[in-house]
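Naming convention: chains lettered A, B, ... in sequence-line order (proteins, then strands); numbering from 1 in each chain.
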Amino acid sequence: MQITPRSEDYSQWYIDLVRKAGLADYSAVKGCMVIKPYGFAIWEYMQGALDKMFKDTGHVNAYFPLLIPKSFLSKEAAHVEGFAKECAVVTHYRLKNSEDGTGIVVDPDAKLEEELIIRPTSETIIWNTYREWIQSYRDLPLLINQWANVVRWEMRTRLFLRTTEFLWQEGHTAHSTRAEAETETKQMLDIYAKFAEEWMALPVVRGVKTETERFAGAVDTYCIEALMQDGKALQAGTSHFLGQNFAKAFDVQFTNKEGQREFVWATSWGVSTRLMGALVMAHSDDEGLILPPKLAPHQVVIVPIPKPLPDLEETINKITAELRAVGIRVKIDNDDQNRPGFKFAEYEKLGVPIRIGIGARDLANGTVEVARRDNKTKESVAVDNLTGHVQQLLTDIHQNMYTRALAFRDEHITRVDTWDEFVKVLDEKTGFVLAHWDGTPETEETIKQETKATIRCIPIDAPAEDGVCVKSGKPSSRRVLFARAY
RNA sequence: CGGGGUGUAGCGUAGCCCGGUUAGCGCGUCUGCUUUGGGAGCAGAAGGUCGCAGGUUCGAAUCCUGCCACCCCGACCA
């Protein structure tokens, strides 16, 4: 039942935590996972918050099919290049009993005329549909999001961080001008950054991907990059400016106010269940999860210290009603099989932000014991002041988690000017490295080969600064962010 | 696909080299009683085709052959 300590094996700690906190489990199919109720509840709070942010900025939800004609994928050259190697393909539509009666086999007579792929992302099927929907500038902008599952046949998988099938949202928008599409791309990036910071308590760096790291089919890929406790970077969300690439590939044109035909401008943007992995790896400790209050399925858990006192139940019901009245999610653990000590440890493992203990001693004093998960402190609080205190505490916990993660992140952004330093920082200090780069894919590739570090992004707010590339010595006009990444 | 490792009860494991009682232990599960302010105690019980298939042998968890699965490391990626 023990969770492997981070200092011993970070990777194993992560797996232990995901499984022992009941977030997810392996399934019968390699690379696919079962998201368990507790994990799915967290995902639902993420979905709820993001969905509201999308709706508040004028987007609507729709749903496009899981299966895509194979030919669609090949219409955009870079796109097919990027995804062809990891597509699952449907070739038949029927099974039958085998001749020797030992099992069930694919019926060779049921071969599909055109094979279908399971979507690795939906640009193609969506743009094929948008062609029908868009005729005039009056049809624009088209601002659609979908919540869906996608499949990418990865060679190596890890729970939440990279699974064969995963859940995500993908926004796909169409605009009449380049400027409007670019604004949309940046707006969605800002929404992701805001979500990460305000809901996940996760500080992120906003940036642009290099040509090498760009989404297949995009003109520009923007991203938010987060830092995990082991010093590795994790891409937490992406927003792409697609230019007219898909409009041209699928012939999506509109008539402008002047009566001329033009190709539309596009964006797409997404975050996935990978965020669950980020949440775990950014905040948790060797005792278990530490959840930010806004995403915690139970924000407060009440553990009675059982004595045969009828007043206990009465007081618990009263404070529960008050907490719930102000919208706080409260769980009461009345289970009499486990002792309080066991429950304390259990809810720490589950990352519940606040635990309230109440027993005979408290009852006599008119107080309860309030324990914070984020910093493991305990205090005695008068029942009369409890609701306001808990509300404030939830805010404080979020702030503390964010501040702590930000301090760690900032301590792990290192400016380096020489190759020796570059390698040393990556190996010993870990984290992000801010260094000059000559702007060529060749140098980027060399650095990747030699250090396993990639350019995570060119930070959006990076100031212009003349220097020389840390690897090639050629001139550079600004620093970029390197790291080893998930 | 290359390199390394592991398969014994729900989980974690001992036994394997050197074949020979009824395959042992911890956690968990079930029943009962006593407990309950940091992972409870006692008593009892259930739970196993020893990854699969062959082979050697009087006898295989143990030896041999083949296969399968999973994990870790590398090549691909959000």
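A/L386 pairs with exactly one of A/V381, A/L393, A/T367 by the side chain to side chain contact (heavy atoms under 4.5 Å, CB included) rule, that one being A/V381. The ring pair (Phe, Tyr, Trp, His ring centres under 6.0 Å) test with A/F482 singles out one residue from A/F432, A/F422, A/W419, and that residue is A/F422.
A 4.5 Å side-chain heavy-atom check between A/P304 and A/P340 finds every atom pair outside the cut-off.
Ring orientation note: the planes of A/W13 and A/Y10 are tilted relative to one another, at an angle of 30° to 60°. Under the 30°/60° scheme for interplanar angles, the aromatic rings of A/F215 and A/H240 are found to lie parallel.
One atom, CD of A/Q337, and another, P of B/G32, lie 10 Å apart when rounded to the nearest Å. Residue A/E346 contributes atom CD, which lies 12 Å from atom P of B/G28 at whole-angstrom precision. The OH-C1' distance, from A/Y347 to B/G39, rounds to 14 Å in whole Å. Taking atom OH of A/Y10 as the reference point, atom P of B/C72 lies 16 Å away to the nearest angstrom. The CZ-C1' distance, from A/R456 to B/C77, rounds to 11 Å in whole Å. The nearest whole Å value for the distance from the CG atom in A/D362 to the P atom in B/G37 is 13 Å. Rounding to whole angstrom units, NZ of residue A/K85 and C1' of B/A75 are separated by 12 Å.
For B/C77, the OP1/OP2 oxygens have no side-chain nitrogen or oxygen of A/R162 closer than 4.0 Å. Remark: A/R355 is not in phosphate contact with B/G38, judged by side-chain N or O atoms under 4.0 Å from OP1 or OP2.
With a cut-off of 3.5 Å on both pairing distances, B/A14 has no Watson-Crick or G-U wobble partner at all. B/G37 is unpaired under the Watson-Crick or G-U wobble criterion, no partner having all donor-acceptor distances under 3.5 Å. Base pairing annotation: B/A61 forms no Watson-Crick or G-U wobble pair, as no partner gives both donor-acceptor distances under 3.5 Å. Nucleotide B/A45 forms a Watson-Crick or G-U wobble pair with B/U29, both donor-acceptor distances falling under 3.5 Å. Within the shown strands, B/C73 is the pairing partner of B/G2 under the Watson-Crick or G-U definition, both distances less than 3.5 Å. Pairing for B/C67 goes to B/G51, judged as Watson-Crick or G-U wobble with the two contacts each under 3.5 Å. Both distances falling under 3.5 Å, in either a Watson-Crick or a G-U wobble arrangement, occur for no nucleotide opposite B/G19.
Within a heavy-atom distance below 4.0 Å of RNA chain B, no residue of residues 275-290 of chain A is found.
Using C1' as the reference atom, B/G47 and B/C11 are 13 Å apart when rounded to the nearest Å. Comparing the P positions of B/G44 and B/G39 gives an interatomic distance of 25 Å, to the nearest angstrom. Here, B/C71 and B/G51 have their C1' atoms 15 Å apart, quoted to the whole Å. Straight-line distance between the P atoms of B/U8 and B/C52: roughly 10 Å, to the nearest whole Å. Nucleotides B/G66 and B/A75 place their C1' atoms 29 Å apart, quoted to the nearest Å. B/A23 and B/G15 are spaced 8 Å apart, taking the C1' atom of each and rounding to whole Å. The same atom, C1', is picked in B/G4 and in B/U22; the two are 38 Å apart, to the nearest Å. Nucleotides B/G7 and B/U62 place their C1' atoms 15 Å apart, quoted to the nearest Å.
Of the candidate nucleotides B/C77, B/A40, B/G38, B/G38 has the atom nearest to the side chain of A/E348. Here B/A40 is the nucleotide among B/A78, B/C76, B/A40 with the atom lying nearest to any side-chain atom of A/F342. Here the side chain of A/R274 is nearest to one of B/G37, B/A78, B/G74, namely B/A78. Which of B/A78, B/U36, B/G74 sits closest to the side chain of A/P306 comes down to B/U36. Picking from B/A78, B/G38, B/G37 the nucleotide with the shortest atom distance to the side chain of A/F344 gives B/G38. Proximity note for A/K378 (side chain, C-beta onward) versus B/U36, B/G38, B/C76: the nearest is B/G38.
A donor-acceptor contact under 3.5 Å is not formed by the side chain of A/K376 with the base of B/G38. Residue A/N338 places no side-chain atom within donor-acceptor reach of the base of B/G39, judged by atom type and a 3.5 Å distance cut-off alone.
Seen from the ring of A/Y486, A/R162 does not count as a face-on cation partner, given the 6.0 Å and 45° thresholds. A cation-pi arrangement is present between A/R329 and A/Y45 under the rule of less than 6.0 angstrom and at most 45 degrees off the ring axis.
Side-chain contact check for A/T443 and A/T446: no donor-acceptor pair (N or O, by modelled atom type) lies under 3.5 Å. With 3.5 Å as the limit, one finds a donor-acceptor pair spanning the side chains of A/K209 and A/Q235.
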At a cut-off of 3.5 Å, list every protein nitrogen or oxygen paired with a nitrogen or oxygen from nucleotides 67-71 of chain B, distance to 0.1 Å.
from: B/C71; atom 1: OP2; to: A/K30; atom 2: NZ; distance (Å): 3.2

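Residue contacts shown for A/Y486 are absent, as no nucleic acid heavy atom lies under 4.0 Å away. A/T163 comes within 4.0 angstrom of a base, heavy atoms only. Within 4.0 Å (heavy atoms only), A/E154 reaches at least one base atom of the nucleic acid. Within the nucleic acid shown, A/L161 comes within 4.0 Å of at least one base atom, counting heavy atoms only.
Residue-environment remark: CD (A/E450) exceeds the threshold of 12 foreign heavy atoms within 6.0 Å.
By the ring-ring contact (aromatic ring centres under 6.0 Å, His included) test, A/W437 is found to be paired with no residue, residues two or more places apart in sequence or in another chain being considered.
We find that A/R373 and A/D285 are joined by a salt bridge, their nearest charged nitrogen and carboxylate oxygen being less than 4.0 Å apart. A/R152 and A/E165 are not joined by a salt bridge, as no carboxylate oxygen comes within less than 4.0 angstrom of a charged side-chain nitrogen.
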